[in-house]
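Here, residue 1 is the first one in the sequence, and each next residue gets the next number. These numbers come from the heavy atoms of this one structure, side chains and all, not from hydrogens, waters or symmetry mates.
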Amino acid sequence: MRRWRLVLGGGDADGTGCALPGADAQMDAALAAVYDQDGREGQSRREGGLGASAPRVARWLGDIRTYFPSTVVQVMQKDAIERLNLTRLLLEPEMLEAVEPDVHLVGTLLALNRVMPAQARESARAVVRKVVQELERRLADRTRAAVTGALDRSARTHRPRRVADIDWDRTIRANLKNYLPERNTVVPSRLVGYARRQRSVQREVVLCIDQSGSMAASVVYSSVFGAVLASMRSLKTSLVVFDTAVVDLTEQLHDPVELLFGTQLGGGTDINRAIAYSQSLITRPADSIFVLISDLYEGGVREEMLRRVAAMTQAGVQVIVLLALSDEGAPFYDHENAAALAAMGVPAFACTPDAFPDLMAAAVERRDIARWAERHAGA
C-alpha cells in the first residue's frame, strides 16, 4: 500500500487511504516536484513543483540523493532538466544570488555534471571555482604550516649546525644526568636538534576517496586538500577516486576545479579495488601515509579489503580511515567494517576540515592516530 500510495500520488482519487509519515512524505514531495506537473484532466495532482526558485531546486537535488539510489537519482535529474527547464534556471544569475555558494551546492552541481549542457557547465564551474578559492584561502596556509612544521620536527640530528636548530627541550631532557647542583646547570654533552630542511620528497601521501553520493562534501574538501598537499615539494601526493571503478586524478591536482569535474558522484563502491590500486602507488611504505575517505559500505570483496589494509600497516604505511571529511560528522557507515579496522589498529572516524591539517601533522610525526581521534574527531 505504501508503494501504491507513492505511485498514485495521494489525493481523493488514489483509493489507498494510506498516509505517508516522515521520510516517505519527503520522498513523495520530491517525486511530485517533477512528475506531477502535467495537470492533465482526470488526474489528481500533488502539491509540489520547483517553480523558478533556486533555493528550492538546490534543496530538491539534495533530497533526491538522500531518498533514492544513485541510478534513480540520475534519471530524476535528467527528467527534471527536461521537464522543468532547470537548465534555464541554472544559467540565470538569480540562482547564484539566491543561493549562497557552499560545499553542498558544489556537490549538487557535480552530481548534475553528466547531464548538464555545455553552457550550464560553464556556469557551474564559476560557482565551483568561487567555493574552491574560498576554501583554499581558509585552509591552505594552515595545512602547509602544520605539515611543514611536522616534517621539520620529524627530522632529528645530533649535530645541529646552528644554535637556532637546537631543540632545547629535548636536549635538556637528554642531559639531565649531567646536572651540576653546585652550578645549578645542565652540561649538554649531547645535542638534539632539527636537521636542515630537505628539498627531496620526505613523505608519500595517497588520498583515496569514495565518490558515492553521500560523500559529496568529503570529495570537495579532499580535492582542495589534495591540491594544497601537492603544492609542497617535500610531499609526493596522489589522489584516487572510486566507485566500482578507480580513477587516478593526480595529474589534475594542480587545478582542483578540473579535478572536481573529473569525479562522478554516485555509483557503487569497490573499496578493495581502490586500495589495491593505491598500494601500487606506494614505493616507500615506511614514509607513506594512506588516507581512505569512505563510509565503508563495501560492494567488493570485504575479506580482501581488510587483508590489504593489514598488509599496508605491517609494511609500515600510516593508514588513516575517515568516514567523512566534512562539518556534519560521520554519515551512515558500515559499523562492522569500522570495527574490523579498529581491531587491527586503524580507527575509523569523521574529521572536520579545520582539524585535517593537524591530523596530517600527526600522521607525518607518526603519532598515535587513535589517541588523536579521541581528542579531536567525532566518531
Side-chain angles (χ1 to χ4, degrees), residues 146-148 150-156 195 198 200-210 218 222 225-226 229-230 232-242 245-250 253 269-323 325 333-334 336-349 351 356-374 377:
V147 174
T148 300
L151 288 169
D152 289 345
R153 289 190 296 273
S154 65
R156 300 288 178 184
Q198 303 177 32
S200 60
V201 172
Q202 299 181 54
R203 295 289 188 278
E204 294 181 356
V205 178
V206 179
L207 300 177
C208 187
I209 310 167
D210 182 344
S218 297
S222 300
F225 280 120
L229 296 173
M232 303 176 63
R233 294 183 179 180
S234 52
L235 300 178
K236 177 187 175 184
T237 304
S238 303
L239 188 141
V240 175
V241 298
F242 67 93
V246 180
V247 181
D248 190 333
L249 295 176
T250 303
L253 277 172
T269 308
D270 193 337
I271 304 173
N272 176 52
R273 177 179 292 185
I275 295 177
Y277 179 81
S278 298
Q279 281 181 295
S280 71
L281 301 176
I282 296 173
T283 61
R284 299 159 49 186
D287 295 321
S288 296
I289 302 166
F290 173 66
V291 183
L292 173 65
I293 304 174
S294 173
D295 56 16
L296 297 179
Y297 285 106
E298 172 63 307
V301 184
R302 175 181 183 269
E303 294 75 14
E304 185 66 21
M305 175 196 74
L306 296 175
R307 281 197 294 269
R308 290 187 186 280
V309 173
M312 292 175 77
T313 58
Q314 290 169 8
V317 178
Q318 180 80 293
V319 179
I320 299 171
V321 176
L322 300 182
L323 302 170
L325 179 56
Y333 63 95
D334 190 308
E336 185 177 352
N337 282 337
L341 290 169
M344 63 177 70
V346 181
F349 55 93
C351 179
F356 188 76
D358 187 58
L359 171 61
M360 290 303 300
V364 166
E365 296 184 74
R366 303 195 73 85
R367 285 185 259 153
D368 188 329
I369 299 301
R371 293 183 61 183
W372 184 95
E374 291 176 0

Would Val291 and Leu325 count as a side-chain contact (heavy atoms from CB on, under 4.5 Å) here? Give the steps.
CA-CA 11 Å; Val291 183; Leu325 179 56; over 6 Å; no
Show the nearest heavy-atom pair for residues Ala363 and Gln318, with the distance to one decimal.
O-NE2, 3.6 Å
Looking at residues at least two apart in the chain, or sitting in another chain, which of them share a side chain to side chain donor-acceptor pair (under 3.5 Å) with Asp210?
Ser212, Ser294
For the atom pair CE (Met232) and OG1 (Thr148), what is the distance rounded to the nearest 0.5 Å?
3.5 Å
Closest non-hydrogen atom pair, Gln279 against Ala311
NE2-CB, 4.4 Å
Kindly indicate whether the side chain of Glu298, heavy atoms from C-beta on, has any atom under 4.5 Å from the side chain of Asp270.
yes
Where is the tightest heavy-atom contact between Ala310 and Met344, given as atom of each residue plus distance?
N-SD, 3.8 Å
Pairwise side-chain contact, Arg302 with Glu336, heavy-atom cut-off 4.5 Å (strictly under)
yes
Using a 3.5 Å distance criterion without hydrogens, assess whether the side chain of Tyr297 forms a donor-acceptor pair with backbone atoms of Tyr333.
yes
Any idea which heavy atoms bring Ala370 and Pro347 closest together, and the distance?
CA-CG, 3.7 Å
If you measure from CG on Leu207 to CG on Leu253, what distance do you get to the nearest 0.5 Å?
8.0 Å
Is it true that Asp368 and Arg371 make a salt bridge, defined as a side-chain N closer than 4.0 Å to a carboxylate O?
no
If I take atom CH2 from residue Trp372 and atom SG from residue Cys351, how far apart are they, to the nearest 0.5 angstrom?
4.0 Å
Can you check whether Tyr277 reaches Val206 side chain to side chain, under 4.5 Å on heavy atoms?
no
Looking at side-chain heavy atoms only, is the closest gap between Met312 and Ile275 below 4.5 Å?
yes
Rounded to the nearest 0.5 Å, what separation is found between the OG atom of Ser222 and the CD1 atom of Ile293?
3.0 Å
Given the rule in the side-chain contact (heavy atoms from CB on, under 4.5 Å) test, do Ile369 and Phe349 qualify, once you have shown the distances and angles that lead to the verdict?
CA-CA 10 Å; Ile369 299 301; Phe349 55 93; 3.9 Å; yes
Minimum heavy-atom separation for Leu296 and Asn337, please, with both atom names.
O-ND2, 2.8 Å
Look up atom CG in Leu229 and atom OG1 in Thr237, then write down how far apart they are to the nearest 0.5 Å.
5.0 Å
Assess the residue pair Arg203 and Val147 against the criterion (side-chain contact (heavy atoms from CB on, under 4.5 Å)); give the C-alpha distance rounded to whole Å, side-chain angles, the decisive distance to 0.1 Å, and a yes or no.
CA-CA 10 Å; Arg203 295 289 188 278; Val147 174; over 6 Å; no
So do Val240 and Leu281 actually touch side chain to side chain, heavy atoms under 4.5 Å?
yes
With a 4.0 Å cut-off on N to O distance, would you call Arg307 and Glu303 a salt bridge?
no
Of all heavy-atom pairs linking Ala315 and Pro285, the shortest is O-CB, 3.3 Å
Could you check whether any side-chain N or O of Asn272 sits under 3.5 Å from a backbone N or O of Gly300, counting only pairs where one atom can act as donor and the other as acceptor?
no
Among Leu292, Ile209, Leu359, whose side-chain contact (heavy atoms from CB on, under 4.5 Å) with Leu322 holds?
Leu359
Spacing of CG belonging to Asp334 relative to CD1 belonging to Ile271, to within rounding of 0.5 Å:
8.0 Å
